[in-house]
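Only this structure's heavy atoms are used, side chains among them; waters, hydrogens and symmetry mates stay out.
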Amino acid sequence: MGGIRFETRITLSAFLFVVSSTIFAEHVPNQIQFNEGIDQHGLGIGFSGGAVGGSYYFYDYNLHESNKQIHFHLESAGESNENLSQTSKINLTKTSIQMAYRHVYNSGLYFGMIGGTYYTSLELQQTGETEAQPKQELEFYDRGWLLGPEVGWQGNDFYYFTFGIRSLGRIQTAESYKYWEIYDVANDQKTAADLWDKGRNYAAIYFSFGWYLQAKPARSESEPPSSKADNKQLLEKAKKCQAKGGVWIDDMCRLDVE
């Protein structure tokens, strides 16, 4: 087990605080309200742009009554580097499983907290310059937990887009990075170190496209009105009918009843 390390992103956390403190819940024109108009389950694919770009698949579960959403996604990213002399090749891969608990306003704006787990791997194939440096293959890894805030906007229709930004700190539980095993030729040590830092950076801007599995049906036009406003209108009509000397029967005013 490695030492525990937690990286904070103060700038984005402050931004999240400002946004969540001043955010408003106005209804956006042509936007279905989150708490009454959309289905409960959503699926989709997304793309993230950070130190290393990647893609992810996600699932959303909506709690309409409380304007909350639970978001799950599986993300992967990678980057490769090969030196000009083709004596070495370095591959970086990173994967994470994340879950977010969001508050979503009817405007589509949301903020939330993310937790998850990550795994970063750096593989290196290298040929040395002397007989004392034979061809070697190395693999380093870093794994642990993720925690941090996010803020963004999400469309609330049958199909929907999401734009957001997240800033995740790492709680490192294990690491194997022995840079001294890398031959210091063709700037390979510095290249590997740069990729290693990128691989452990989980702050990102993201974009996704998803579908709700089933749209909620609209109320039928033939459905009898039941709202307080409709009942009030019927009561006013009945009073006017009585004032004329009639009788209100079956939602109609009859003046010829004795």
Looking only at heavy atoms, which two atoms of [X] and [Y] are closest? And how far apart?
| X | Y | result |
| --- | --- | --- |
| G53 | A77 | O-CB, 3.2 Å |
| L92 | L195 | CD2-O, 3.4 Å |
| Y141 | A174 | CE1-CB, 4.2 Å |
| L124 | A192 | CD1-CB, 4.4 Å |
| G199 | T120 | O-OG1, 3.0 Å |
| G46 | S208 | CA-CB, 3.6 Å |

Are the ring centres of [X] and [Y] closer than 6.0 Å?
| X | Y | value |
| --- | --- | --- |
| W196 | Y177 | yes |
| F161 | F209 | yes |
| F58 | F72 | no |
| Y61 | H41 | yes |

Any side-chain heavy-atom pair from [X] and [Y] closer than 4.5 angstrom?
| X | Y | value |
| --- | --- | --- |
| N106 | N67 | yes |
| D60 | I70 | no |
| Y57 | H73 | no |
| E79 | I90 | no |
| H71 | R102 | yes |
| R170 | D142 | yes |
| H103 | Y110 | no |
| I114 | L147 | no |

Is it the case that [X] and [Y] place a side-chain donor and acceptor less than 3.5 Å from each other?
| X | Y | answer |
| --- | --- | --- |
| D188 | S88 | yes |
| E75 | S55 | no |
| Q69 | N62 | yes |

(message) Are L43 and M99 linked, directly or through intermediate hydrophobic residues, by side-chain heavy-atom contacts shorter than 4.5 Å (ILVMFWY only)?
(response)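 Yes, M99 and L43 fall within the same hydrophobic cluster.
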
(request) Could you tell me which residues satisfy salt bridge (charged side-chain N to carboxylate O under 4.0 Å, His left out) with D184, sequence neighbours excluded, listed by chain and number? (result)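 For D184 there are no salt bridge (charged side-chain N to carboxylate O under 4.0 Å, His left out) partners, ignoring immediate neighbours.
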
Could [X] and [Y] be counted as a cation-pi pair, given that NZ or CZ must be under 6.0 Å from the ring centre and within 45° of the axis?
| X | Y | value |
| --- | --- | --- |
| R166 | Y56 | yes |
| K94 | Y202 | yes |
| R143 | Y119 | no |

(message) If the threshold is 4.0 Å, N to carboxylate O, is there a salt bridge linking E175 and R200?
(response)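 Looking at E175 and R200, the cut-off is met.
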
Looking at [atom1] of [X] and [atom2] of [Y], how far apart are the two atoms once the value is rounded to the nearest 0.5 Å?
| X | Y | atom1 | atom2 | answer |
| --- | --- | --- | --- | --- |
| E139 | E123 | CD | CD | 4.5 Å |
| S48 | F207 | OG | CZ | 12.5 Å |
| Y183 | Q133 | OH | CD | 5.5 Å |
| Q125 | E82 | CD | CD | 9.0 Å |

(message) side-chain contact (heavy atoms from CB on, under 4.5 Å) for Y118 and Q172? Distances and angles first, verdict last.
(response) CA-CA 9 Å; Y118 75 92; Q172 185 186 86; 3.9 Å; yes

(message) For L74, give me all partners under side-chain contact (heavy atoms from CB on, under 4.5 Å), at least two apart in sequence or on another chain.
(response)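 Expected list: I97.
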
(request) Just do the side-chain contact (heavy atoms from CB on, under 4.5 Å) check on L146 and S96 with the steps written out, would you? (result) CA-CA 9 Å; L146 296 172; S96 65; 3.9 Å; yes

(message) Restricting to ring-ring contact (aromatic ring centres under 6.0 Å, His included), what partner residues turn up for Y206, sequence neighbours left out?
(response)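 Y206: no ring-ring contact (aromatic ring centres under 6.0 Å, His included) contacts found.
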
(request) Decide ring-ring contact (aromatic ring centres under 6.0 Å, His included) for Y159 and Y212; before the verdict, give the C-alpha distance in whole Å, the side-chain angles of both, and the deciding distance to 0.1 Å. (result) CA-CA 6 Å; Y159 60 89; Y212 286 114; 10.0 Å; no

(message) Taking side chain to side chain donor-acceptor pair (under 3.5 Å) as the criterion, tell me which of K89, E137, Q136 meets it with Q126.
(response)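 Per the side chain to side chain donor-acceptor pair (under 3.5 Å) rule, the option paired with Q126 is Q136, out of K89, E137, Q136.
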
(message) Would K198 and D194 count as a salt bridge (Lys or Arg N to Asp or Glu O under 4.0 Å) here? Give the steps.
(response) CA-CA 6 Å; K198 286 183 178 181; D194 291 342; over 6 Å; no

(request) May I ask you to decide if I182's main-chain N or O and Q189's side chain share a donor-acceptor pair within less than 3.5 Å? (result)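 Yes, Q189 side chain to I182 backbone: donor-acceptor pair under 3.5 Å.
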
